[in-house]
Peer 1: 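This is the structure, below, for whatever I ask next.
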Amino acid sequence: MARKQKQIRPKARLPKGLRDISASEIRSLNRMLDVIRRQFEIYGFEPLETPAFEYTDALGKFLPDQDRPNEGVFSFEDEDNQWLSLRYDLTAPLARYVAEHYDVLPKPFRRYQTGPVWRNEKPGPGRFRQFTQFDADTVGTTNIAADAELCMLAADCLEALGIPRGNYVIRVNNRKILDGILESIGVDPHDTDHVGKRLTILRAIDKLDRLEIKGVELLLGKGRKDESGDFTKGAGLEPDQISTIIQYSQTSYFADTPKLRIQAAAEGELPSEPMAGGKIFSAWSKTFSVWKKLVSSSEIGIQGIAELEKMAVLFTASNFGPGRISFDASVVRGLDYYTGPVFEAELTHEIEDEDGGPVRFGSVGGGGRYDGLVERFKGIEVPATGFSIGVSRLHAALQHLGEFEKGGSEGPVIVLVMDRERLTDYQKMARDLRASGIRAEMYVGTSGMRAQMKYADKRRAPCVIIQGEDELARGEVTIKDLVEGNRLSAEITDNKEWREGRPAQFSVGEGEIVEAVQKVIARQADSNVSNQEIL
RNA sequence: GCCGCCUUAGCUCAGCAGGUUAGAGCGCCAGAUUGUGGAUCUGGAGGUCCCCGGUUCGAGACCGGGAGGCGGUACCA
């Protein structure tokens, strides 16, 4: 007896670093994106869509060579030997778009854009090879008001999404200040010998939240060995240089705890202290005076602080205070191309994970000023500033916080097929419901009633329409409310009672189906709302 | 990239000094129930024990290599 021959079949599996998104998640995601989009529109940004891939040289940075055409990005060569790459962010395509249409665009040009981007990197927890960004950028002005607007937009977005003030913070810093401090301790940030050193210092400060002061000190000095024995080379600074940087990086980071922010939010955010050129919250002016000492006579540093002061005046005038925005030296945003203010939106609300340990969601978006990006194409400097939201990450955080939760019955009304000879009647019932804007379908499978009920349950149908012999004889249909039925099933243990008692169903005349279904759905929506209020 | 841990049914996992035919719970399908999603009971389907090689009379188990996953670390436009 021959063994059943195994066929070789492809394994059904999702490539690593990619995700499928289910119906209810798409709905929830879309609700979130609608809220964000509305905010971006209200701020005056215009939508733009660009294609998934671009000529590789237009994306910059990664010019594939024959050996490694896919380093970091997904690339392919088209028929006339030109390299194309999937976009790895929305900023590089924007730079191309602006350069290509420079003459006809209003300047400054303000656009928002959302869509998937791709990175060819090893995926890890929370890191995917395809993910979605939601960006707003202002191109063509050096005016720091554009940066300030993005910070306020970010704060308004998070609040519109239901995150209470005090549970998030927009942290703001300026690259120029760190450069000023480096200058003051004798590391010229623009000396080509020091480019690597500057980056190492940036990365070290960026790790402050994780490694704390001790770890960062090691990274600024000789280097650090982690628990797994891996050694990271440090910046090789002298102790007094290190202490200046540590002193800088700590300003406001440790003082500015979530608790203090909640307090500031509760006390209101009224301007307190007049400054030259405008009012500014006192919590901020303290931070600025510390920084002024640290940058001493460095011109770039002084300029950086002045820029943030201008932003602070604008924030203060609109009553965006320390409860929402924090000037914070630990914001680095590892990227090399930022040239001025940098900002990061962070969720500070702590929740408990399954083991009872505290979990922070951390950064859900960030951005900053990049004055060099369009220059590649045009040869002229086109200053720009932008902000980018990590859509999946923000959505995951919102779901943890109970926002944008899956709805109750999201499925269509199901018209059961009790008699195969009468498909046309059932089809017409579905059609009448659809004509009134109700999601509905006639069961299009081939199984019996029990299976049809299970199907309706799995589809999360609000109700089913039943018309068998009995109802037909009376000129009626039976409507069964599945949500109500589900509630009642908790109280009924006896199967006979469950089946013969026919809970949560009622009969209406054939002409009243639409009206009756509308009532059922409205009732379910009401009880959904009251449930949420209890929570 | 580096370090550590892990990989048995759709999911969570058990298994053993190396010994016939590899198990449980949940889920799935069906029946008990002539027209009712839950509950209960009964039955059923579902496995190259991650892959390749080695040791052995005999490997899911032991050894070597590889792949995949998880955690840490590095990088991150």
Side-chain angles (χ1 to χ4, degrees), chain A residues 3-4 6-9 11-17 59-62 71-73 85-93 95 117-127 129 131 133 199-200 202-204 206-207 210-211 215 219 223-233 332-338 366 368 370 372-373 386 388 409 411 414 416-419 447-461 463-472 478-505:
Chain A
R3 210 178 141 182
K4 192 167 65 176
K6 268 282 188 203
Q7 271 180 277
I8 296 168
R9 296 196 166 95
K11 196 175 176 193
R13 62 195 185 115
L14 184 67
K16 65 175 174 178
L59 287 180
K61 199 129 181 168
F62 294 93
E71 184 74 11
V73 297
S85 298
L86 284 173
R87 65 187 180 200
Y88 52 80
D89 68 12
L90 299 175
T91 309
V117 301
W118 295 266
R119 294 185 187 179
N120 190 5
E121 292 170 336
K122 194 183 122 189
R127 286 181 58 170
R129 295 199 293 179
F131 56 97
Q133 294 190 325
L199 268 178
T200 307
L202 285 175
R203 286 184 198 126
D206 200 27
K207 293 180 177 66
R210 207 155 34 85
L211 304 180
L219 285 173
R224 173 176 173 274
K225 191 188 250 186
D226 64 51
E227 306 91 81
S228 68
D230 202 14
F231 183 76
T232 311
K233 196 171 181 297
V332 174
R333 310 234 82 227
L335 325 185
D336 207 13
Y337 68 62
Y338 288 124
Y370 51 97
L373 219 57
S388 175
S409 48
I414 308 290
L416 301 196
V417 174
M418 304 298 288
D419 178 352
S447 300
M449 182 174 182
R450 183 184 156 87
Q452 293 187 39
M453 287 300 299
K454 287 185 133 180
Y455 171 77
D457 190 45
K458 201 164 247 178
R459 288 293 307 274
R460 297 156 66 105
C463 59
V464 296
I465 309 295
I466 306 167
Q467 190 184 48
E469 275 180 79
D470 304 348
E471 289 90 349
L472 183 63
T478 295
I479 295 175
K480 178 159 188 143
D481 181 336
L482 294 189
V483 175
E484 176 69 1
N486 187 44
R487 198 178 63 73
L488 291 174
S489 79
E491 300 161 12
I492 301 170
T493 52
D494 179 62
N495 184 250
K496 202 160 198 170
E497 188 188 339
W498 166 248
R499 295 188 66 176
E500 290 176 3
R502 301 192 172 177
Q505 63 188 60

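Just so you know, these numbers use all the heavy atoms, side chains as well, and skip hydrogens, waters and symmetry mates. Order of the sequence lines sets the chain letters (A, B, ...), proteins ahead of strands, with each chain counted from 1. A quick note: this is a predicted structure, and the numbers were derived from the prediction, not measured.
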Peer 1: Could you walk me through whether A/Q467 and A/T478 pass side chain to side chain contact (heavy atoms under 4.5 Å, CB included), step by step?
Peer 2: CA-CA 6 Å; A/Q467 190 184 48; A/T478 295; over 6 Å; no

Peer 1: Searching all strands shown, indicate the nucleotide that pairs with B/U73 (Watson-Crick or G-U wobble; both distances under 3.5 Å).
Peer 2: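 Here B/U73 is engaged in a pair, and the nucleotide opposite it is B/G1.
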
Peer 1: For nucleotides B/G68 and B/G25, find the distance between their C1' atoms and express it as a whole number of Å.
Peer 2: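 Looking at atom C1' only, B/G68 and B/G25 are 26 Å apart.
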
Peer 1: Using the C1' atom in both, what is the distance from B/G47 to B/A22, to the nearest Å?
Peer 2: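 So the two C1' atoms sit 9 Å from each other.
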
Peer 1: Given side chains that start at C-beta, do those of A/R224 and A/L211 come closer than 4.5 Å, heavy atoms only?
Peer 2: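 They are in side-chain contact.
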
Peer 1: Paired with B/C26: which nucleotide, if any, by Watson-Crick or G-U wobble criteria at under 3.5 Å for both distances?
Peer 2: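 The answer is B/G10, by the H-bond criterion.
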
Peer 1: For A/D470 and B/U36, give me the distance from atom CG to atom P, rounded to whole Å.
Peer 2: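 Going from CG in A/D470 over to P in B/U36 covers 12 Å.
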
Peer 1: I need the minimum non-hydrogen distance between A/M449 and A/I466, along with the two atoms involved.
Peer 2: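 That closest heavy-atom pairing would be CE-CD1, 4.1 Å.
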
Peer 1: Would you mind reporting whether A/L472 and A/E469 have side-chain heavy atoms less than 4.5 Å apart?
Peer 2: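 No; the side chains remain at least 4.5 Å from each other.
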
Peer 1: Looking for any heavy atom pair under 4.0 Å, which part of the strands does A/T493 touch: base, sugar-phosphate only, or nothing?
Peer 2: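 Base contact.
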
Peer 1: For B/U21, give the paired nucleotide (Watson-Crick: N1-N3 plus N6-O4 or O6-N4; G-U: N1-O2 and O6-N3; both under 3.5 Å), or none.
Peer 2: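 Pairing partner: none.
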
Peer 1: Measure the distance from CD on A/E491 to P on B/G37 and round it to the nearest whole Å.
Peer 2: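 Roughly 17 Å, once rounded to whole Å.
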
Peer 1: Does some side-chain heavy atom of A/S388 sit less than 4.5 Å from a side-chain heavy atom of A/Q133?
Peer 2: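 The answer is yes, as the side chains (C-beta and beyond) meet within the 4.5 Å cut-off.
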
Peer 1: Using atom C1' in both nucleotides, what's the gap between B/U7 and B/U12 to the nearest angstrom?
Peer 2: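 After rounding to an integer number of Å, I get 14 Å for this pair.
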
Peer 1: Which heavy atom of A/L202 sits nearest to which heavy atom of A/V332, and what is that distance?
Peer 2: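 Residues A/L202 and A/V332, closest heavy atoms: O-CG1, 3.4 Å.
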
Peer 1: Could you let me know what B/C16 is paired to, Watson-Crick or G-U wobble, both distances under 3.5 Å, or none if it's on its own?
Peer 2: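 Because no pair has both required distances under 3.5 Å, B/C16 counts as unpaired.
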
Peer 1: Determine the interatomic distance between C1' on B/G23 and the same-named atom on B/G15; round to the nearest Å.
Peer 2: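 It comes out at 7 Å once rounded to the nearest Å.
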
Peer 1: Specify the separation, in whole Å, of atom CG of A/D481 and atom C1' of B/U36.
Peer 2: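 Value for this atom pair: 14 Å.
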
Peer 1: What nucleic acid atoms does A/K480 come within less than 4.0 Å of, heavy atoms only: base, sugar-phosphate, or nothing?
Peer 2: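 Base contact.
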
Peer 1: Over all strands shown, is A/E500 touching base, sugar-phosphate only, or nothing at heavy-atom distances under 4.0 angstrom?
Peer 2: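 Result for A/E500 = nothing.
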
Peer 1: Please work out if A/E471 contacts a base, only the sugar-phosphate, or nothing of the nucleic acid, heavy-atom cut-off 4.0 Å.
Peer 2: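 Here A/E471 touches the bases of the nucleic acid.
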
Peer 1: Mind listing the closest non-hydrogen atom pair of A/R333 and A/Y338 along with its distance?
Peer 2: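 So the two residues come closest at NH1-OH, 3.6 Å.
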
Peer 1: Which nucleotide, in any strand shown, forms a Watson-Crick or G-U wobble pair with B/C50, with both distances under 3.5 Å?
Peer 2: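 With both distances under 3.5 Å, B/C50 matches B/G66.
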
Peer 1: Once you apply a heavy-atom cut-off of 4.0 Å, does A/D89 come out as touching a base, just sugar-phosphate, or nothing?
Peer 2: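 If one applies the 4.0 Å heavy-atom cut-off, A/D89 turns out to touch the sugar-phosphate alone, with no base involved.
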
Peer 1: Which whole-number value in Å describes the distance from A/D494 CG to B/A32 C1'?
Peer 2: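 Rounding to the nearest Å, CG of A/D494 and C1' of B/A32 are 14 Å apart.
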
Peer 1: Taking only the side-chain heavy atoms of A/M418 (C-beta and beyond), determine which of B/U36, B/A74, B/G35 contains the nearest atom.
Peer 2: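 Minimum distance to the A/M418 side chain belongs to B/G35.
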
Peer 1: Measure the distance from CG on A/L59 to C1' on B/C76 and round it to the nearest whole Å.
Peer 2: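 After rounding, the reported distance stands at 16 Å.
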
Peer 1: Any strand counts, and the cut-off is 3.5 Å on both contacts for Watson-Crick or G-U wobble. Which nucleotide pairs with B/U36?
Peer 2: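 WC or wobble partner does not exist here.
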
Peer 1: If you compare every side-chain N and O of A/R502 against the phosphate oxygens of B/G35 (OP1, OP2), does one of them come in below 4.0 Å?
Peer 2: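 Negative; the distance criterion is not met.
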
Peer 1: On RNA chain B, compare the nucleotides closest to A/A461 and A/K458; which residue's is nearer the 5' end?
Peer 2: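 Nearest nucleotide further toward 5': that of A/K458.
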
Peer 1: What pair of heavy atoms forms the shortest contact from A/L416 to A/M453, and how long is it?
Peer 2: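 Nearest heavy atoms, A/L416 then A/M453: CD1-SD, 3.9 Å.
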
Peer 1: Pick base, sugar-phosphate or nothing for A/I466, based on heavy-atom distances below 4.0 Å to the nucleic acid.
Peer 2: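 Base contact.
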
Peer 1: Specify the separation, in whole Å, of atom NZ of A/K496 and atom C1' of B/U34.
Peer 2: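 Interatomic distance, NZ of A/K496 to C1' of B/U34: 14 Å.
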
Peer 1: Base, sugar-phosphate alone, or nothing: which one does A/E469 contact when heavy atoms must sit under 4.0 Å apart?
Peer 2: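 Base contact.
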
Peer 1: Does a nitrogen or oxygen in the side chain of A/W498 sit under 4.0 Å from OP1 or OP2 of B/G37?
Peer 2: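 For A/W498, the contact criterion (side-chain N or O under 4.0 Å from OP1 or OP2 of B/G37) is met.
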
Peer 1: In whole Å, measure the gap between the C1' atoms of B/A9 and B/G46 for me.
Peer 2: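 Here B/A9 and B/G46 have their C1' atoms 6 Å from each other.
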
Peer 1: With sugar-phosphate meaning primed atoms plus P, OP1 and OP2, does A/Y455 contact a base, only sugar-phosphate, or nothing at under 4.0 Å between heavy atoms?
Peer 2: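 Nothing, no heavy atom under 4.0 Å.
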
Peer 1: According to a strict under-4.0 Å criterion, is A/R203 in side-chain N/O contact with OP1 or OP2 of B/A74?
Peer 2: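 Indeed not, no polar side-chain atom of A/R203 lies that close.
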
Peer 1: Can you tell me how far C1' in B/C57 sits from the matching atom in B/U20, rounded to whole Å?
Peer 2: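 To the nearest whole Å, 14 Å.
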
Peer 1: Return the value, rounded to whole Å, for the distance between atom CG of A/N495 and atom P of B/U42.
Peer 2: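 In whole Å, B/U42 P lies 15 Å from A/N495 CG.
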
Peer 1: Paired with B/G60: which nucleotide, if any, by Watson-Crick or G-U wobble criteria at under 3.5 Å for both distances?
Peer 2: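 With both distances under 3.5 Å required, B/G60 matches none.
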
Peer 1: For A/K207, which contact category applies under a 4.0 Å heavy-atom criterion: base, sugar-phosphate, or nothing?
Peer 2: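 A/K207: backbone/sugar contact only, no base atoms under 4.0 Å.
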
Peer 1: From B/G37, B/U73, B/C76, pick the nucleotide closest to the side chain of A/R119?
Peer 2: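 Nearest listed nucleotide: B/C76.
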
Peer 1: For nucleotides B/C50 and B/G60, find the distance between their C1' atoms and express it as a whole number of Å.
Peer 2: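 Result for the C1' pair: 11 Å, nearest Å.
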
Peer 1: How close or far is atom P of B/A30 from atom CZ of A/R450, stated in whole angstroms?
Peer 2: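 My rounded result for the distance is 8 Å.
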
Peer 1: Which whole number of Å gives the distance between the P atom of B/G71 and that of B/G54?
Peer 2: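 One P to the other, the span is 35 Å.
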
